[in-house]
Amino acid sequence: MTSIFRWPRHAQWLLVLLPLVFLLGGCDSGGANYTETGDLESLRERGQLRLLAPRFDEEQALVREGVPLQEFREQAEILAQSLGLTPRWVYADSTDNLDDMLNEGLADLIVTNYTVTESRQEKVDFCTPVAVIREYLVLPKDRQGDSVEDLGEVRIAAPEGTAYQETAEALAERHDTVSVEAVEAGLSDVELLEGVASGLYQAAIVDSNALDGLLRTFDQVRKGPVVNPRRRIAWAVRSDNPELRAAVNEFLVSHRVRTSVRSEERRDWAAINKDGVLRVITSNNPASYFLWRGELMGFDYDLIRHFARQHDLRVRMVVRDSASQMFDALQTGAGDVIAGAMTITERRKAEGWRFSNRYLEVHEQIIGDADDEPFESVQELAGRTVVVAPDSAFMDTLEELREQGIDVRIEPREGATTEMLIQDVVDGAIDLTVADSHVAALESTYREDLRPLWTLEGSRDIAWVLRDDQDQLVEKLNAYINRNYRGLFYNVTFNRYFKESKTIRIHEEYRVEAGKEISPYDDLAKEYALKYGFDWRLLVSQMYQESKFNPDAVSFAGAQGLMQVMPRTARQFGFDNPHDPEQGVAAGSAYLEWLEERFPQRLGMAQKIYFGLAAYNAGHGHVEDARRLAQRLGKNPDLWFGHVEEAMLLLSQPRYARQARFGYVRGSEPVKYVREIRNRYLGYVQFTEENNISAEP
């Protein structure tokens, strides 16, 4: 049942205005009245993703606590945009014809409080569940009884063609005292409660995620017994649209994991130290921060993590695509410091940005094609066109050259990175660009199609960037730089990224980025991720953690294969050879799903993933011990990071292990396991989709 709110019958005339309202709001069904049953490629040709919901979903005037329909709407529109499609809403008059409209090609994705039922599974394919809820019996307040058996004879009103009707009929089969009254298919939850309150119905069934909010306005009714303890809510696609289903699953998982780590707060050292996490703003490039196979790497990343470790801090990487986006993230408090090869300029200081001491000295170089002749003087820039990002330090340098009388043509390219512009130069798409000398040297190490034509006068200082209200943090960073600049760790790190040609070429070859394979087993991960409702990149991240993509790996305890499944566990799921890549991935995926399902239904999607991974590593019993201990310590047993993970660490101490049902566990292992898989997964998402996310190693 998806009914949450329905216009009062005396206000039905307002429906006439709704098309105009949604046209103005950008969420209308205009342009979506065509028939299309194709998969994702066909939808991309159309340029639209038609999102299907019951009419009463759009009529929700007040979003009630626990009712996620507005959240669903927002997520679905973000999904469409992430796929490069325009979201268009299509509305059905009731829940019972959603699947027919979908299969007839009048819409592409059902987005609502849609229950997974056996009858619906015969018509549509469900995506990974967005929620797991309970169904309650709703009764008149004076009707006694805490269980169905205690109620005596009861007739349950259930709208035709809904999940409520299936639940009611299942109850009637189990209890002779229960009968079912089929009522109008389009009735909303509000109207069902009104019917019980007025005496029209003896009882009704309502979802848990709607009921608590609605009961506040119905004094005459009460929440009765649970009649369905585990009801999965999911979006749905046509059965012959596996590509769209996979894309929806990937989005839902990555969106929930991303939002579980995001926060905005302008902080100085005291708050950072108390939290234990330094949020570092950077960009994805081979000099600053990148993902190599399964490892997070980069010169800026390694330096700032070295600083953080000296202060017992973890780092959370906040990735942005351009200098202006990085500055915006720092200003709003999405991060604490920028470590992204930022040049100190007078303009940036005048804008109020504060810089640490320099940690890198570079020169700016004019980059041309390898066949170009080097300049004999900077005057040769006259009449040439140089393309740079408008928010880069290079723009300031070029404008200074123009002020000096050099007639260079400056072409700003919004959103362009140095890597992109160098590629455009060698492709012949643009004339020249500018790069810092260390980046130019790095690029020249593994490619021979570019050449620095001229090194501009004067050196440039690279530093970390802070807000002007971060006196303590800048003091800590400067102290670190003073101790380590040009020291052993610094020199080894610098050489690895910018001087050792063999290492640089290997980094480039296996660097994770859009359009490149993450692992040799991507296709297997995609197949079983679709089957079990995961994001395939999550499975690849776990696979790397378990075996580093080695199907012959064997642990000291006897776990085998890519996913390090114990042979006995594999046999329980029907697989007898975990060393076989397909069997190993299949067994590991099935086991992870089984573990996730053993945790409480109230857990959010991201938390189910974290708890499932912890149980995969340490066992379900130890994780439940940690949840119980977390509750005793006043922490939230339903949140992993900062709560249950801290209790898990305590279970390695005798005084806590003695009280635990499953005893001692080396808690640092599952804590590290979950954290590293999540961070690698977020890195895979960032570097394969080019979306902004946060990651916390």
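How far CZ of Arg50 is from CG of Leu109: 11.0 Å, rounded to the nearest 0.5 Å. Taken to the nearest 0.5 Å, the OG atom of Ser589 stands 5.0 Å off from the CE atom of Met563. Summarising the geometry, atom CG belonging to Asp535 is positioned 10.0 Å from atom OG1 belonging to Thr128; distances are rounded to the nearest 0.5 Å. Atom CD of Glu104 and atom OG1 of Thr37 lie 11.0 Å apart (nearest 0.5 Å).
Side-chain contact, Glu135 with Thr167: a donor N or O sits under 3.5 Å from an acceptor N or O. Between Asn113 and Asp207, the side chains place a donor N or O and an acceptor N or O closer than 3.5 Å (distance only, hydrogens not considered). If you check the side chains of Glu166 and Ser119, you find a donor sitting under 3.5 Å from an acceptor.
In this pair, Phe599 and His620 present their aromatic rings tilted. The plane angle is within the 30 to 60° band. Taking the six-membered ring where the residue is Trp, Tyr528 and Tyr532 present parallel rings, their angle staying beneath 30° rather than reaching 60°. By the 30° and 60° cut-offs, the orientation of the rings of Phe641 relative to Tyr610 is perpendicular.
A cation-pi arrangement is present between Arg73 and Trp89 under the rule of less than 6.0 angstrom and at most 45 degrees off the ring axis. By the 6.0 Å and 45° rule, Arg155 does not stack over the aromatic ring of Tyr201.
For Glu169, the CD atom counts as densely surrounded, since its 6.0 Å shell holds more than 12 non-hydrogen atoms of other residues, nucleotides or ligands. For CD of Glu264, the number of neighbouring non-hydrogen atoms (other residues, nucleotides, ligands) closer than 6.0 Å is greater than 12. For Arg232, the CZ atom sits in a loose shell: 12 or fewer heavy atoms of surrounding residues, nucleotides or ligands are nearer than 6.0 Å.
At distances below 3.5 Å, not a single donor-acceptor pair connects side-chain atoms of Arg245 with backbone N or O atoms of Asp240. Proximity of a side-chain donor or acceptor of Asp275 to a complementary backbone N or O of Ala271 within less than 3.5 Å is not detected. Panel note: side chain Tyr591, backbone Met566; no donor-acceptor pair is recorded below 3.5 Å.
Here the shortest heavy-atom pairing between Leu139 and Gly224 reads CD1-CA, 4.0 Å. For the pair Ala204 and Ile156, the tightest heavy-atom approach, listed with the atom from each and the gap, is CA-CG2, 4.1 Å. Summarising the geometry of Val111 relative to Phe72, their closest heavy-atom pair is CG1-O, 3.9 Å, with the distance given to 0.1 Å. Considering every non-hydrogen atom in both Leu192 and Ala157, the closest pair reads CD2-O, 4.4 Å.
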Report the C-alpha separation of Trp640 and Phe611 in whole Å, then their side-chain angles, then the decisive distance to 0.1 Å, and conclude whether the ring pair (Phe, Tyr, Trp, His ring centres under 6.0 Å) test is met.
CA-CA 7 Å; Trp640 175 258; Phe611 283 109; 5.8 Å; yes
Would you sort out whether Val674 and Glu645 count as a side-chain contact (heavy atoms from CB on, under 4.5 Å), showing the intermediate values?
CA-CA 9 Å; Val674 175; Glu645 67 167 349; over 6 Å; no
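The ring-ring contact (aromatic ring centres under 6.0 Å, His included) contacts involving residues 239-262 comprise Phe251-His255, where partners must be two or more places apart or lie in separate chains.
Checked for salt-bridge contact, Asp638 and Arg602 meet the test: a charged N lies under 4.0 Å from a carboxylate O.
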Exercise answer: donor-acceptor pairs, residues 650-666 side-chain atoms, under 3.5 Å, sequence neighbours excluded:
unit_1: Ser652; atom_1: OG; unit_2: Leu649; atom_2: O; d: 2.8
unit_1: Gln659; atom_1: NE2; unit_2: Arg655; atom_2: O; d: 2.9
unit_1: Arg666; atom_1: NH1; unit_2: Glu669; atom_2: OE2; d: 3.1

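Exactly one of Gln542, Gln545, Arg678 qualifies for a side-chain hydrogen bond (donor to acceptor under 3.5 Å, both in side chains) with Tyr673. That residue is Gln542.
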